[in-house]
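Every chain is numbered from 1, with letters handed out A, B, ... down the list of sequences.
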There are 2 protein chains.
Amino acid sequence: MRVSRRPRTLGTTGIPMMHRNQGHAMTTSQQQLPEGARYCADTFNGAIASAALSAAWEIGLLDELDQRRRLDIAEFAEQRDAHPHTVRAILIALSSRRIVSLDPERETAETDVGFDDAFRARAFFYWLTRGCGELLTTLPVKVVNSLRQGGFVRRDARAISVACRNITQTFFDPPLRDMIDSLELGTVADLGCGGGERLLMLAALKPEARLIGVDMSTSAITVAREAVREAGVQDRVTLTQDDFVTMGPRPEYAKVDTVTCFLMGHDLWPRQDCVRTLRRLRTVFPNVRNLILGDTCRSTGLDGPEHPLFTLGFETVHSVMGQLLPTIDEWSTAIEEGGWRIADRHLLDVPAFSFIDRLTPA
Amino acid sequence: MRVSRRPRTLGTTGIPMMHRNQGHAMTTSQQQLPEGARYCADTFNGAIASAALSAAWEIGLLDELDQRRRLDIAEFAEQRDAHPHTVRAILIALSSRRIVSLDPERETAETDVGFDDAFRARAFFYWLTRGCGELLTTLPVKVVNSLRQGGFVRRDARAISVACRNITQTFFDPPLRDMIDSLELGTVADLGCGGGERLLMLAALKPEARLIGVDMSTSAITVAREAVREAGVQDRVTLTQDDFVTMGPRPEYAKVDTVTCFLMGHDLWPRQDCVRTLRRLRTVFPNVRNLILGDTCRSTGLDGPEHPLFTLGFETVHSVMGQLLPTIDEWSTAIEEGGWRIADRHLLDVPAFSFIDRLTPA
């Protein structure tokens, strides 16, 4: 047998060095791979690892690893009626980013150095792959003006809702708790209350407060009502179906002193619409003292590979949907023109370019 | 206004350093970002850049950049009736991997240090995102045994065909040309000839050879027939619809001295099926002297982030489809048991774990 390979020199077996590496050591192939090729491979493998991380969360693999730090692939597959080769493929993809490591026979996986960061950030990957996967796959079609009509973007509303709930609870709720800790709350209205998670957090944090959950979706209200009843706080929490872009005054809104609104503010834009809604909120809630607004805004000053987690995805998806996100500076001037004053501003590192503002009537 | 942010210290403006970076310099944020967080962000951004690269090829953006090295976003969008914000979003995603760089106003893009590698590898990204995107998005569903029935994997056959054609021409054809350069060819049968690209390459390379294209798809045969007619080589090229897994002897096959078969060999497995087909090829082609086989096989000895381009994607997709790929060693023993001898073996760096074998009857 004659074996050739260019430009690399072969070992004496005829099988190149690359195919014979074992174990965890830095390999010949990696050392030899030119930087550009390494970068290409990382980008490609990032797409697979992102999908694997998203899937691993949905099938319970991430939670199992978080709790037990180690799992047997065959055992996990049997317990869940899962296809073991696909479970293994997911774990191998995760191992390509050191989220887990596998034994040489690839029968067991355990958490590796990247696990904790990836676990904490799991909802961003879920948002991207499971929530916006169709948009990424069909991106070339979304470019064509003549096809950009009606509901041309299909996102998975369930996955996005699951992801946003986790992102809110992990990254926005702790600083929100700090911010309202020192405030006296009488009646709070949570705009876009969804399944009621924030209402329950506020109810637990401020036992004296009364709460009104507002959402335009009937199914969200149904879910929230059940959550409120299960938590046993139905005497302090009211739920109202209403659209906060078009909502008008109601008797129960007159008592509200604090309004909260998270991860929805960017839907108020373009600017003049945002200013108009901010102004009207003061009429809708005539006795409001605080409007607490949390959101992620458009990045500025980023270049090349320095993009932090989420920003690039969030902005790509909104660009494709034709929705230009405001920057933090654009928010600041719209808030002022909308009749509010920024009393507190808390900036978040993850997700980057996110803020929690406490606004008071100007 | 009170501005807070933990754990980072703020600049005097109240807007953290991260939001104020300009230009190409390494930024404060990047320097401060912990390694795990940086790795997470790279993985996430890799998914977006992969989709962007794939889309950029399909909409003609990559070819324009390859030819002119620079483009004006508004001008490109107008010429193609494309949505400029989506074109810009694609270019920003590419800039996150230094494939292009944008001017500060984000009106023009030019090729950057990563362009040439990414351009050369574009078909792998297209295969992954456009060809296998649905599989990645719905990966958690593919794990469930009870749902793994019938055509549970939907791949985009057109995109995969486009990608494989480019991969073949870029990476497999040059070493194939070298390998057959010194061979005397009488009649060559190309199994799985597709649209006829390899037939035309062989026709140009060996003006004395007669060629038979074999494919199981009628539409492939139709496309190949048109290509052969356009190239004016119809007097030397015959096209036959036949499935090389079940094919039997035919009078025209008796003249064949060389058989070529590229990127299809892994479909012959599991092992016993592969051995049986290899054996039968000698009966089908009684006068064969060379069987030239090119394919990508399962990686061995890889660990963690050292995975080169393609391998991880190719193996993930085949694991999900329930198809175990053979390793190079498994190929070697199957070839021997199938009645052939490896005369030449050429190994490829990209795609890694790929080979072109020239087999002779044992």
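A 6.0 Å sphere centred on CD of B:Gln79 holds more than 12 heavy atoms belonging to other residues, nucleotides or ligands. In this structure, B:Glu78 places its CD atom where only 12 or fewer heavy-atom neighbours from other residues, nucleotides or ligands lie under 6.0 Å away. Taking a 6.0 Å sphere around CD of A:Glu336, one finds it holds 12 or fewer heavy atoms contributed by other residues, nucleotides or ligands.
Heavy-atom pairs under 4.5 Å with chain B were tallied for A:Thr129, A:Leu312, A:Ile99, A:Leu136; the largest tally goes to A:Leu312. Heavy-atom pairs under 4.5 Å with chain A peak, among B:Asn45, B:Val144, B:Val320, at B:Asn45. Contacts with chain B were tallied for A:Ala49, A:Gly313, A:Ala77; A:Gly313 has the most, counting heavy-atom pairs under 4.5 Å. By number of non-hydrogen pairs under 4.5 angstrom with chain A, the leading residue of B:Ala89, B:Ser299, B:Ala51, B:Ala82 is B:Ala82. Ranked by heavy-atom pairs shorter than 4.5 Å toward chain A, the options B:Ser95, B:Ser96, B:Gly46 are led by B:Ser96. Ranking B:Cys132, B:Ser146, B:Ala159, B:Gly133 against chain A, the residue ahead of the rest is B:Gly133, based on heavy-atom pairs under 4.5 Å.
Going from atom CD1 of A:Ile48 over to atom CD of B:Glu315 covers 10.0 Å, rounded to the nearest 0.5 Å. Put simply, NE2 on A:His85 and OG1 on B:Thr316 are 13.5 Å apart, with the number rounded to the nearest 0.5 Å. Here the CZ atom belonging to B:Arg38 is positioned 8.0 Å from the CD atom belonging to A:Glu306, to the nearest 0.5 angstrom. Rounded to the nearest 0.5 Å, atoms OG1 (B:Thr137) and CG (A:Asp156) are 9.5 Å apart.
Residues B:Thr138 and A:Arg130 form a side-chain contact, since some pair of their non-hydrogen atoms from C-beta on lies under 4.5 Å apart. B:His307 places a side-chain heavy atom less than 4.5 Å from the side chain of A:Ile92. Inter-residue side-chain proximity for B:Pro305 and A:Arg98 is flagged as met; some heavy-atom pair is nearer than 4.5 Å. For the pair A:Thr86 and B:Leu139, the minimum side-chain heavy-atom distance is below 4.5 Å. Looking at heavy atoms from C-beta onward, A:Asp42 lies in side-chain contact with B:Arg97 at the 4.5 angstrom threshold.
At a 4.5 Å heavy-atom cutoff, the contact between A:Ile90 and chain B is made by side-chain atoms alone. Interface remark: B:Val87 contributes side-chain atoms only to the contact with chain A (heavy atom separation under 4.5 Å). For A:Arg122, no part lies under 4.5 angstrom from a heavy atom of chain B. Within the 4.5 angstrom heavy-atom criterion, atoms from both the backbone and the side chain of A:Phe310 approach chain B.
Taking a cutoff of 4.0 Å between a charged side-chain nitrogen and a carboxylate oxygen, B:Asp81 and A:Arg148 do not qualify as a salt bridge.
For residues 113-121 of chain B, heavy-atom neighbours of chain A at less than 4.5 Å comprise B:Asp117, B:Ala118, B:Ala121, sorted by residue number. Contacts of residues 53-60 of chain A with chain B at a heavy-atom distance below 4.5 Å involve A:Ala55, A:Glu58, A:Ile59, listed in sequence order.
Put simply, the side chain of B:Ser50 never gets that close to the backbone of A:Ala47: no donor and acceptor are under 3.5 Å apart.
Residues A:Phe44 and B:Phe124 come closest through the heavy atom pair CE1-O, 3.2 Å.
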